[in-house]
Protein chains: 2
Amino acid sequence: MQLNELSARSGISTASIKYYLREGLLRPGEAVTATRARYGEHHLRRLELIQALRQIVGLGIEQIRTILSAADGGAPRLEVLATVQRVVLQLEPHGAEAHDAKGTSGEAPRGEGVASARPGDAVVRLRDWPDEESDARSALDAQLAHMEALGVPVSPEVLDAYSAAMDTIAGLDLQLTAEAADLDRAILTAAVGMHMHSQLLLKLLALAQASHAIRRFHGGSA
Amino acid sequence: MQLNELSARSGISTASIKYYLREGLLRPGEAVTATRARYGEHHLRRLELIQALRQIVGLGIEQIRTILSAADGGAPRLEVLATVQRVVLQLEPHGAEAHDAKGTSGEAPRGEGVASARPGDAVVRLRDWPDEESDARSALDAQLAHMEALGVPVSPEVLDAYSAAMDTIAGLDLQLTAEAADLDRAILTAAVGMHMHSQLLLKLLALAQASHAIRRFHGGSA
DNA sequence: GGCTTTAGGATAGGAGCACTATCCCATTGT
DNA sequence: ACAATGGGATAGTGCTCCTATCCTAAAGCC
């Protein structure tokens, strides 16, 4: 199919498709002649992926490009998925953290490269997760420290419950992404899945809060 | 203190403060004379709240206004916190959902106002939460249906684990927000807490996924 | 062979958002 | 009295994600 049809089938204007092309999110079609290019099903899937990443997960073009470059660069599946993690967790190396605000207090009670007494240690041991350094690991430590600093501490029990749930889900996710027919679909599953789970949590939290409030003041507002 | 000092102490430019004033996020100072107004500590706290809502939670001005109007409108604390929930969950009545994308399949296997067999029923019963209609409740049902439709289903066990954790946290939150000295701080705790928990989950999920991947392929990339 | 259609590159325009900068004037304090 | 200041009004900026217009050259079609 060519540009026009791709646009019609995807529901995305040719202008936007050209834009994605320019931005390197979508690979150029196979140039049949100098003025005609042919696109395939994978272009369609790619567009769906871009759309989902933008609209559902809320990523920016730059971030999407980071993921898709890895995917198109021939990186192994696991590495691409690691990139997805990094982006969704907003800890892209070159992106850096921009929002430090005025914090609440100093930095945090953890040293620099201190290997002992990291906030996440307990979970890792409890779940018997490999205790090796990773982006996710340091992100976890940072998050726990951050929450501590903001006055929203996390109890070991809660951390336990969270991590148990995550352990289960991670297994399923691995299976889902392994089953995914192509890399694009694996990315979609991974990114959308992560986002959806955190949204789900938010909704459950809200419901739990409402329930507690009702119980405590029985009859209050939702 | 007056504008200048408020700006200096909060680290926010007078221009921005004037902007917030105009947008109705910050209440006008007490007009000492026709050209001089006095601001108090609560203005400072309000600015911190606005800042946190913008930078940490990522809300827009409009959304912040929704919350703060409720707070300034003299609504009872619980109602204001319910508003916070609504906004953070992105289910502001008038905001509506804008992203339906092209979905994945039809709509969802749930009827319209069907009172039976809602996806969230199991959790509610399990946790013994009051089974009354609420924004959070319908948000949960919608989220579960949405995830189902997107091919990211949630198993009962996972839902169980999540809800158990949320039940615990909600209790703590209620306590924290009840303890909060003023409404602004309660809002901050509530909004930041919700956000932080969902971020924490994301990080734990990432770590769990990485761990599973490592275990399965032992020695792969993070 | 000529004429309309089309791809795709270049470039500019536009909408939304969160500010930011400028202007202005009345008051204020010295 | 006169420079300084607060605060209202208004316009502009920077960023992002598109969208619209123009253009050229090749293609297809008769």
Side-chain angles (χ1 to χ4, degrees), chain A residues 1-40 43 47 49-68 87 90 92 95-96 98-99 101, chain B residues 1-40 43 47 49-68 87 90 92 95-96 98-99 101:
Chain A
M1 92 193 86
Q2 43 194 45
L3 191 56
N4 244 354
E5 191 183 345
L6 184 64
S7 166
R9 283 228 265 160
S10 65
I12 297 172
S13 71
T14 60
S16 294
I17 292 177
K18 284 204 222 176
Y19 171 65
Y20 294 146
L21 243 13
R22 254 183 335 243
E23 293 297 323
L25 306 188
L26 187 67
R27 285 215 269 202
E30 181 196 353
V32 174
T33 74
T35 60
R36 243 139 254 228
R38 194 165 39 204
Y39 299 95
H43 284 99
L47 283 175
L49 175 58
I50 293 171
Q51 211 73 341
L53 257 26
R54 282 269 321 115
Q55 302 185 5
I56 300 181
V57 188
L59 300 182
I61 296 298
E62 184 66 37
Q63 301 175 296
I64 295 176
R65 178 166 39 228
T66 301
I67 293 174
L68 298 185
V87 170
Q90 290 164 28
E92 257 305 278
H99 57 69
Chain B
M1 92 191 87
Q2 39 194 48
L3 192 58
N4 244 354
E5 192 184 344
L6 184 64
S7 165
R9 284 229 263 158
S10 63
I12 297 173
S13 71
T14 61
S16 293
I17 293 177
K18 285 204 221 176
Y19 171 66
Y20 294 146
L21 242 12
R22 244 174 309 163
E23 295 296 323
L25 307 188
L26 186 66
R27 285 215 270 203
E30 179 195 356
V32 173
T33 75
T35 60
R36 242 136 256 229
R38 194 164 42 204
Y39 300 94
H43 284 100
L47 284 175
L49 175 57
I50 293 172
Q51 210 74 342
L53 257 25
R54 281 274 316 119
Q55 302 185 4
I56 299 181
V57 188
L59 300 182
I61 296 298
E62 183 67 37
Q63 301 175 298
I64 295 177
R65 178 168 38 227
T66 302
I67 293 174
L68 298 183
V87 170
Q90 290 163 28
E92 257 308 276
H99 57 67

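Just so it is clear, the structure is predicted and the values come from calculations on it, not from any experiment.
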Dump the pairs, protein N or O against N or O of nucleotides 26-30 of chain C, anything under 3.5 Å, distances to one decimal.
unit_1: C:dT27; atom_1: O3'; unit_2: B:T35; atom_2: OG1; d: 3.4
unit_1: C:dT28; atom_1: OP1; unit_2: B:T33; atom_2: OG1; d: 3.3

- Is there a side-chain contact between B:I67 and B:L49, using heavy atoms and a 4.5 Å cut-off? no
- Item | Any B:N4 side-chain N or O less than 4.0 Å from OP1/OP2 of D:dG6 | yes
- Note on the structure: One should read off an interatomic distance between A:Y20 OH and A:L68 CG, to the nearest 0.5 angstrom, of 11.0 Å
- Is the shortest heavy-atom distance from the side chain of B:L25 to the side chain of B:Y19 under 4.5 Å? no
- Output for pair (B:I64 CD1, B:Q51 CD), nearest 0.5 Å, gives 9.0 Å
- Expressed in angstrom and rounded to an integer, what is the separation of B:L26 atom CG from D:dG6 atom P? 15 Å
- Item | Whole-Å distance separating the CD atom of B:E23 from the C1' atom of C:dA18 | 9 Å
- Atom CD of B:Q2 and atom P of D:dA4: how far apart are they, to the nearest Å? 16 Å
- Message: What is the distance, to the nearest angstrom, from the CD1 atom on B:I12 to the P atom on C:dA18?
- Response: 14 Å
- Message: How many whole angstroms separate atom CG of B:L21 from atom C1' of D:dA9?
- Response: 13 Å
- Note on the structure: Sequence neighbours excluded, the answer for salt bridge (charged side-chain N to carboxylate O under 4.0 Å, His left out) partners of A:R54 is none
- Query: In Å, rounded to the nearest 0.5 Å, how long is the span from CD1 of A:I17 to CG of A:L6?
  - Reply: 4.0 Å
- Check the distance between D:dT5's P and B:M1's CE and give it to me in whole angstrom. 18 Å
- Determine, stepwise, if the pair B:E23 / B:R65 fulfils side chain to side chain contact (heavy atoms under 4.5 Å, CB included). CA-CA 8 Å; B:E23 295 296 323; B:R65 178 168 38 227; 2.9 Å; yes
- Roughly how many Å is it from CZ in B:R38 to C1' in D:dG7, rounded to a whole number? 17 Å
- Point-to-point distance, once rounded to the nearest 0.5 Å, from CZ of B:R22 to CD1 of B:I61: 11.0 Å
- Whole-Å distance between D:dA4 C1' and B:E5 CD? 17 Å
Dump every N/O contact between nucleotides 13-23 of chain D and the protein below 3.5 Å, one line per pair.
unit_1: D:dC17; atom_1: OP1; unit_2: A:I61; atom_2: N; d: 3.2
unit_1: D:dC18; atom_1: OP2; unit_2: A:Y20; atom_2: OH; d: 3.4
unit_1: D:dC18; atom_1: OP2; unit_2: A:R54; atom_2: NE; d: 2.8
unit_1: D:dT19; atom_1: OP2; unit_2: A:S16; atom_2: OG; d: 2.6

- Does A:M1 reach the side chain of A:R9, with side-chain heavy atoms less than 4.5 Å apart? yes
